[in-house]
**Student:** 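Quick one: structure below, then a few questions.
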Amino acid sequence: MSLGKVNSGRHRPPNPRTLASLVEHSSYTKCEFITSPPQKIPSPVQPKNTAGLETISITNTTHWTKCIHNLCTTHCDADATLHLLHDLRVRGFHPNSLNISSIIHALCHANRYSEAHHRFLLFISSHCSPDEHTCNLLIARLLNGRDPYSTLRVINALADEKPEFVPSLVNFNRLIDGFCKLGRLEVAHLLFYHMIERGHRPNVVSFTTLISGYSMIGKVCAAEKVFDEMSECGVRCNALTYTALIRGVLRKRELENGIRLMGKVWEVMEYEDDVQVNNAAFCSVVDCLCREGLFHEVFKIVEDMPQGKNVPEGFAYGQMIDSLCKFERYNAAARIVYMMRKRGFTPSLVSYNLIVHGLCNDDDCLRAYQLWEEGMEFGYLPSEFTSKVRVEGLCRD
DNA sequence: CTAGGGTTAG
């Protein structure tokens, strides 16, 4: 009961906009609030002619805000800041958005995400919620902790305390993705609907995230349903949306369907403004094919180059080489090198090294030696480690 | 003299 804790002692009607039920069965465990034994923390902006904290008025928020920020950023000491803030609050200080922001940032910066979440909850429950902009900023920061259950609890607490607050679309998308990555599609999908209720229009990222999530857990039918809803909502899919489907379809060994969708990928690339989307989609297609052992399909791509000018050619070769190496198909990768060189491209030395090294480990040292010699033509000088492996291999042969 | 602060799918 995430909201129960936050609201204990107060009598408020339950907020229908919160998602308490979603976190009820969460893996969230209440984080331990860690405080080192109390110690005197000197003020970093201590005036020269006075001795203690008490001499500066508690109402001098500018001074204390600077102090808190200074401790958090230049000293990177979240614990000292928490102590200082505790002392100040005893004296009647009311933390503002900036103070809260400083502390949450410092905790996240130190990778103390669970404390950051807990601290934020404490601020909210003591009616110290920051302004809307800061809330979104801090949620973005908390999401980096990859603990979507905890972040959702914070969002629920905020919804209860500040009913007018709506997390940004990007934050919602990231949160949904977090649940997708955990395979919790039921939570992800509910959040998706919740986001719409709160006034957001899901974008291509929102839909693609859900489709990818369903594909990942093997629910291709559900993924296809979301895909259909997408066009009904007037949101245009892009190459990444198709690759999200392809991943699920190929995993189900629906090769024909996969190839049809690949055709769609190349098609929508034409209309894409963001080159990164096309590049990422190309990588994804090649990765899916290799993962499913469909190496002949990768070679079809090298032959036909169906992505055309929508993916930089050199990048495409590099990606195919790297993916083939990732799945330990070093001879196949060497074939890509052969073909790209024939077309006037030079492999990156890092990729080339990967191939030579991989061939050595595969006991194909003669082929490795061949490549090593050919590599001289474009400045390939193997690292010491690779040379050692190569020599050892040749000796064995 | 109202400060400082981070962005999504792959």
Side-chain angles (χ1 to χ4, degrees), chain A residues 45 59-74 76 81 95-109 113 116 120 130-146 148 151 167-181 185 188 191-192 195 200-216 223 226-227 230 235-248 265 268-269 272 274-291 307 311 315 319 322-323 326:
Chain A
V45 201
T59 56
N60 190 348
T61 38
T62 309
H63 173 265
W64 294 118
T65 294
K66 272 185 194 157
C67 224
I68 288 166
H69 187 244
N70 192 25
L71 262 180
C72 283
T73 53
T74 55
C76 289
T81 318
N96 61 18
S97 288
L98 264 70
N99 309 143
I100 297 165
S101 177
S102 297
I103 285 174
I104 305 298
H105 276 296
L107 287 171
C108 291
H109 183 76
Y113 285 100
F120 200 180
D131 60 79
E132 191 149 335
H133 184 220
T134 307
C135 282
N136 266 317
L137 209 89
L138 293 181
I139 290 168
R141 219 34 168 117
L142 292 179
L143 282 167
N144 293 335
R146 306 204 164 275
T151 309
S168 69
L169 177 63
V170 170
N171 278 339
F172 264 120
N173 284 346
R174 290 182 66 196
L175 188 65
I176 290 169
D177 186 51
F179 284 107
C180 284
K181 292 222 158 73
L185 267 292
L191 268 167
F192 180 85
M195 169 175 99
H200 281 301
R201 285 181 60 123
N203 62 9
V204 61
V205 178
S206 327
F207 280 103
T208 305
T209 302
L210 267 191
I211 292 169
S212 167
Y214 278 119
S215 272
M216 290 289 196
V226 176
F227 182 83
M230 187 175 177
V235 179
R236 240 167 85 170
C237 60
N238 63 20
L240 274 173
T241 317
Y242 283 112
T243 61
L245 271 179
I246 289 172
R247 195 167 289 274
V265 171
V268 292
M269 276 186 174
E272 183 60 57
D274 185 352
V275 288
Q276 303 289 1
V277 169
N278 284 350
N279 292 352
F282 185 84
C283 296
S284 184
V285 168
V286 172
D287 184 82
C288 285
L289 292 174
C290 289
R291 186 177 301 276
Q307 74 284 4
V311 177
F315 174 86
Q319 193 49 49
D322 290 355
S323 277
K326 183 176 154 194

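Note that this is a predicted model, so its numbers are computed, not measured. Residue numbers start from 1 in every chain, and the chains themselves are labelled A, B, ... in the order their sequence lines are given, proteins ahead of strands.
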**Student:** Does the A:R174 side chain pair with the main chain of A:A140, one donor and one acceptor, at a distance under 3.5 Å?
**Tutor:**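 Judged by distance alone, yes, a pair lies under 3.5 Å.
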
**Student:** Parallel, tilted or perpendicular, judged at 30° and 60°: which one describes the rings of A:Y242 and A:F227?
**Tutor:**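 The rings of A:Y242 and A:F227 sit tilted, inter-plane angle from 30° to 60°.
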
**Student:** Quick one: how far along DNA chain B does chain A reach, first to last nucleotide 5' to 3', anything under 4.0 Å to a heavy atom?
**Tutor:** B:dA3 to B:dG10

**Student:** Identify, with sequence neighbours excluded, every residue that meets ring pair (Phe, Tyr, Trp, His ring centres under 6.0 Å) alongside A:H105.
**Tutor:**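 A:H105 satisfies ring pair (Phe, Tyr, Trp, His ring centres under 6.0 Å) with no other residue.
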
**Student:** Looking at A:D322 and A:K326, is there a salt bridge between them, counting it only when a charged N and a carboxylate O are closer than 4.0 Å?
**Tutor:**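 No, this pair does not count.
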
**Student:** With a non-hydrogen cut-off below 4.0 angstrom, is A:S97 in contact with a base, only sugar-phosphate, or nothing?
**Tutor:** base

**Student:** Across the strands shown, which category fits A:T62 at heavy-atom distances under 4.0 angstrom: base, sugar-phosphate, nothing?
**Tutor:**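 A:T62: base contact, heavy atoms under 4.0 Å.
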
**Student:** Checking all strands, does A:T209 fall into the base, sugar-phosphate, or nothing category for heavy-atom contacts under 4.0 angstrom?
**Tutor:** sugar-phosphate

**Student:** Would you classify A:N238 as touching base, sugar-phosphate or nothing, given that sugar-phosphate means primed atoms plus P, OP1 and OP2, and contacts are heavy atoms under 4.0 Å?
**Tutor:**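 Answer is base: heavy atoms of A:N238 come under 4.0 Å of a base.
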
**Student:** Give a yes or no answer on whether the side chain of A:S168 reaches the backbone of A:N136 with a donor-acceptor pair at less than 3.5 Å.
**Tutor:**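 It does not hold such a pair.
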
**Student:** Look at all strands and tell whether A:T243 reaches a base, only sugar-phosphate, or nothing, counting heavy atoms closer than 4.0 Å.
**Tutor:**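 Here A:T243 touches no strand at all.
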
**Student:** Is it the case that the side chain of A:N99 and the backbone of A:N96 share a donor-acceptor pair, with hydrogens and angles ignored and the cut-off at 3.5 Å?
**Tutor:**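 It does hold such a pair.
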
